[in-house]
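The structure appears right after this line, and notes come after that.
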Amino acid sequence: MIVTTAQLFKHAYGKYAVGAYNINNAEQAMGLFRGCIQSQAPFIIQISKGARKYTDKKMLEAIIRAADQIFPEAIFAVHLDHGDEETCYDCIKSGFYSSVMIDASHEPYAKNVEISKRVVDAAHAKGISVEAELGMLGGVEEDVKVEDGHATLTNPAEAEDFVKKTGCDCLAAAIGTSHGAYKFKGKQSLHFDVLKEIQRRMPGFPLVMHGSSSVPQDEVKRINAAGGTLGSAVGVDVNEYLPAAKLGVTKINIDTDGRLVWTRVHREFFRDKSGEFDFRPPGKIFMEEYAKFIASRNQLLGSAGQLESLRASLGK
Ligand code: G3H
Ligand code: 13P
Ligand code: ZN
């Protein structure tokens, strides 16, 4: 059942974080739904601009509608990840998305406010909620690369002003993470001080953590043992997910870790079965492994086991 992102946030705030997982194809969708049913967790499906272009945006919508029928127990929202203004309008118009993210964080502050507010006005007119971003994460998104030294943490006073001016429903705050597999050099920890101060200024306001993959080291080792060349890849400490959730981080975005599962499964499969050329046997393994991974993440986010209580709160 597709619900609004706001309904998920209301149930989760301050208690647990909802996992927001990116999908690009049917295999990821199957693994995601299976993992969330296994762990009895609500979730958010994220679709990036790149994912919309990979096959066709209509294909992804059809996959999600089909998964909704295959897994009638599932409760989830559908979200545009890292949208530009034009893509946000396209998703708002489509009527399929529960929420959109307008990512104008690379623009100067006033311009970010101006663009985000325009998207909020258009989205709210259709009952869709909006995630905006303030502060800059390091790493690479589809067409924006932020070099290490240029990443900036969110300023809590500015965050308060930004939310007032834009009317956005949740805010992606930069608290030290970055996208991709190479997040930290040396000590790795989230900036809980920033979260605490934002929560003090805006109690009850949902925050979003991007760049939340943990880059499991055993996964990296297995990939490299099967021919990969991932360097010193390091991610977020999974034990910091729940403390962040308690401070108002209600949505935790995980994509890279799923790509690592895919890479490990396929590298190992073709290393061990070098004569194989059918994509279905490794695809089946991937769906199972991805489901296991998702269920394990939902445990760490605290969203596992929340499905029935959420259903009751929705009166369904
Ligand atoms: O933050 C970006 C997400 O991991 C989506 O990645 O733009 O390559 O689909 P993508
Ligand atoms: P990771 O690259 O850490 O998985 O982050 C994903 C993300 O933030 C999607 O918006
Ligand atoms: Zn992101």
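Counting convention: from 1, in listed order, for ligands and their atoms alike. Positions are given from 1 along the sequence.
- Sorted by first and then second residue, the side chain to side chain donor-acceptor pair (under 3.5 Å) pairs with a member in residues 219-243 read Ser189-Glu240, Glu219-Arg264, Arg222-Glu268, Asp237-Asn239; sequence neighbours excluded.
- At the shortest separation from atom 2 (O) of ligand 2 among protein heavy atoms lies Thr256 OG1, 2.6 Å.
- By the 30° and 60° cut-offs, the orientation of the rings of Tyr16 relative to His11 is perpendicular.
- Looking at Val208, Asp81, Asp255, it is Asp81 that brings a heavy atom closest to atom 9 (C) of ligand 2.
- Looking at Arg259 against ligand 1, only its side chain comes within 4.0 Å, counting heavy atoms.
- Of all the atoms in ligand 1, the ones that sit under 4.0 Å from a non-hydrogen atom of Asn22 are 3 (C), 5 (C).
- Proximity of Thr256 to ligand 1, defined as any heavy-atom pair under 4.0 Å, is not found for any part of the residue.
- Interatomic distance, CZ of Phe33 versus OH of Tyr290, reported as 11.5 Å (0.5 Å rounding).
- By the salt bridge (Lys or Arg N to Asp or Glu O under 4.0 Å) test, Lys58 is found to be paired with no residue, residues two or more places apart in sequence or in another chain being considered.
- Residue contacts with ligand 2: Ile254 is placed with no nitrogen or oxygen under 3.5 Å of a nitrogen or oxygen of the ligand (distance criterion only).
- Using a cut-off of 4.0 Å between Lys/Arg side-chain N and Asp/Glu carboxylate O, Glu197 and Arg201 are scored as salt-bridged.
- Distances from the Zn ion (ligand 3) to each N, O or S atom of His82 single out NE2 as the nearest.
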